[in-house]
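The structure under discussion appears below in the form of structure tokens.
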Protein chains: 2
Amino acid sequence: MAGEPRWLNDEEQYAWQSYLHATTLLEDHLDRQLQRDAGMPHIYYGLLVQLSQAPRRRLRMTELAQNAKITRSRLSHAIARLEKNGWVRREDCPSDKRGQNAVLTDEGMKVLEESAPGHVATVRAALFDRLSPEQVRQLAEICRSVADGLQPQGADLPWLR
Amino acid sequence: MAGEPRWLNDEEQYAWQSYLHATTLLEDHLDRQLQRDAGMPHIYYGLLVQLSQAPRRRLRMTELAQNAKITRSRLSHAIARLEKNGWVRREDCPSDKRGQNAVLTDEGMKVLEESAPGHVATVRAALFDRLSPEQVRQLAEICRSVADGLQPQGADLPWLR
DNA sequence: GTGGCGTTCTTGAAGTTTTAACAACGAAGT
DNA sequence: ACTTCGTTGTTAAAACTTCAAGAACGCCAC
């Protein structure tokens, strides 16, 4: 990390500023929209989405955490909260006595179905409606490159950190 | 928000997934790097950067909050923490008795100078080194479009929310 | 100058995330 | 079976953010 630091040039600085600016605003925007319309922050909504797409609407805690890119600890707290809301319930894993499955309840599914259209509309209005199809492809490619460079390979936890 | 919901097509879904994936990983990555090397999360670091670039290394609370895109409440708490660390101090605003200036201390400046090279290197490694110059321009343009659509015009607070 | 209204900033409480530690189980060798 | 080590998920405490409320000041019409 030492040596002569290679600072960002003007173009890079501008891009970095714009990136921070846009991602912050978008995240806040989505959080507020979902908090208002679905009663939960964006990340919690994402957990319900993951569960809804999984076979039998259930996932092992670790797998769900991996998909959502959060720590197991954070997931534990999140599921506790969603359980209190009745959107999710826990279930012992038959094959591994250590394991827990998070299961999307019917009520959780209902909340998801009710809030999904509004959420998609918000994402569309904030992002896709403002970009050309070409830009959508560019964004995907850029994000894929970045994500590839940050993948799991840390020593401490297998997949994060 | 009603009517037939226009769902995301395959390309859009892929882009959205990639976006969430990449931004989450990058944010976590930067937070951890700065927490480790500078003893504060990314957003706090950004506050010090803002102050360091301001005339006389000081800014009104509201202005700083606007620049950093956070609420005044959040900033109040953040500055309280940075003040406890000795990186920042508060100062009454001469022209407006309601106002407060956040001032970057010498010690804060030192922390910034020490951690900046490592931070830039991290940003570079995670982002710019993985993108072509063309992609950097594309990213900036995309982010600018998105940010433009989310600007201040909410009713409640003038500039956020 | 006084009342009314908006702005500036702070505060306490509740909710969320991080960090470190831990209990319980699984896997594999001996 | 026993030991060792890795994995799974949770928890308590500290740190951070959000939310609602409020104190203090500026501005302006009257």
Side-chain angles (χ1 to χ4, degrees), chain A residues 24 27-36 39-47 58-66 68-85 88 90-102 152 154-161, chain B residues 24 27-36 38-47 59-66 68-85 88 90-102 152 154-161:
Chain A
T24 303
E27 171 100 23
D28 286 356
H29 186 61
L30 295 182
D31 263 345
R32 255 192 308 286
Q33 183 264 320
L34 282 170
Q35 191 67 58
R36 178 165 49 76
M40 58 190 143
H42 188 205
I43 182 97
Y44 286 40
Y45 180 87
L47 297 176
R58 69 199 59 204
L59 282 173
R60 284 290 293 270
M61 294 294 279
T62 293
E63 193 175 355
L64 180 50
Q66 285 173 348
K69 269 94 197 158
I70 62 179
T71 61
R72 286 188 301 247
S73 172
R74 185 174 174 183
L75 180 62
S76 243
H77 290 296
I79 293 294
R81 195 267 220 187
L82 292 172
E83 207 170 16
K84 216 177 281 181
N85 280 302
V88 169
R90 290 178 213 250
E91 187 185 73
D92 288 345
C93 177
S95 58
D96 186 337
K97 281 182 188 168
R98 296 167 303 180
Q100 289 279 102
N101 281 323
D156 196 356
L157 290 183
W159 41 275
L160 211 169
R161 160 145 237 220
Chain B
T24 303
E27 170 101 22
D28 285 356
H29 186 60
L30 295 182
D31 262 346
R32 257 192 309 284
Q33 184 265 321
L34 282 170
Q35 191 67 58
R36 178 166 49 77
M40 58 190 144
H42 188 206
I43 182 101
Y44 285 41
Y45 180 86
L47 297 176
L59 282 174
R60 284 289 294 270
M61 293 294 279
T62 293
E63 194 175 355
L64 180 51
Q66 285 173 349
K69 269 95 196 160
I70 61 177
T71 61
R72 284 188 300 247
S73 172
R74 185 175 174 183
L75 179 62
S76 245
H77 290 296
I79 293 295
R81 195 269 220 187
L82 292 172
E83 208 170 15
K84 215 178 281 183
N85 280 303
V88 169
R90 289 179 214 249
E91 186 185 76
D92 288 345
C93 176
S95 58
D96 186 336
K97 282 182 188 169
R98 295 167 303 179
Q100 290 280 102
N101 281 322
D156 196 356
L157 290 183
W159 41 273
L160 210 170
R161 159 152 238 212

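Within every chain, numbering begins at 1; the chains are lettered A, B, ... in the order of the sequence lines, protein sequences first and strands thereafter.
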**Prompt:** To the nearest Å, how far apart are A/Leu82 CG and C/dT17 P?
**Reply:** 10 Å
**Request:** Could you grab the distance from atom CD1 of B/Ile79 to atom CZ of B/Arg72, nearest 0.5 Å is fine?
**Result:** 14.0 Å
**Asked** Could a donor-acceptor pair under 3.5 angstrom be found where the side chain of A/Ser73 meets the base of D/dT11?
**Response** yes
**Distance, nearest 0.5 Å, that separates OH of B/Tyr44 from CG of B/Asp31** = 11.0 Å
**Prompt:** Which residue, B/Leu75 or A/Tyr44, contacts DNA chain C at a nucleotide closer to its 5' end, judged by nearest heavy atom?
**Reply:** B/Leu75
**Euclidean distance, atom NZ of residue B/Lys84 to atom C1' of D/dA14 [Å, nearest integer]** = 11 Å
**Item:** All ring-ring contact (aromatic ring centres under 6.0 Å, His included) counterparts of B/His42, not counting sequence neighbours
**Value:** B/His119
**Request:** Round to the nearest Å and state the distance from A/Arg98 atom CZ to C/dA24 atom P.
**Result:** 14 Å
**Item:** Atom pair distance, as rounded to whole Å: CD1 in B/Ile70 and P in C/dC9
**Value:** 13 Å
**B/Gln66 CD to C/dC9 P, straight-line distance once rounded to whole Å** = 10 Å
**Asked** Is any side-chain nitrogen or oxygen of A/Arg74 closer than 4.0 Å to OP1 or OP2 of C/dT17?
**Response** yes
**Earlier contact from the 5' end, DNA chain D, for B/Met40 and A/Arg60** = A/Arg60
**B/Arg81 side chain near D/dC16 phosphate (N/O to OP1/OP2, under 4.0 Å)** = yes
**Closest-nucleotide 5' rank along DNA chain D - winner of A/Arg90 and A/Asp31** = A/Arg90
**Asked** Starting at CG of B/Asp96 and ending at P of C/dC9, how long is that distance when rounded to a whole Å?
**Response** 7 Å
**Message:** What is the distance, to the nearest angstrom, from the NZ atom on B/Lys69 to the P atom on D/dT17?
**Reply:** 17 Å
**Message:** Nearest whole Å is fine: how far is C/dG15 P from A/Arg32 CZ?
**Reply:** 19 Å
**Non-hydrogen side-chain atoms of A/Arg74 and A/Ile43 separated by less than 4.5 Å** = yes
**Item:** Heavy-atom donor-acceptor pair, A/His77 side-chain to C/dG15 base, under 3.5 Å
**Value:** no
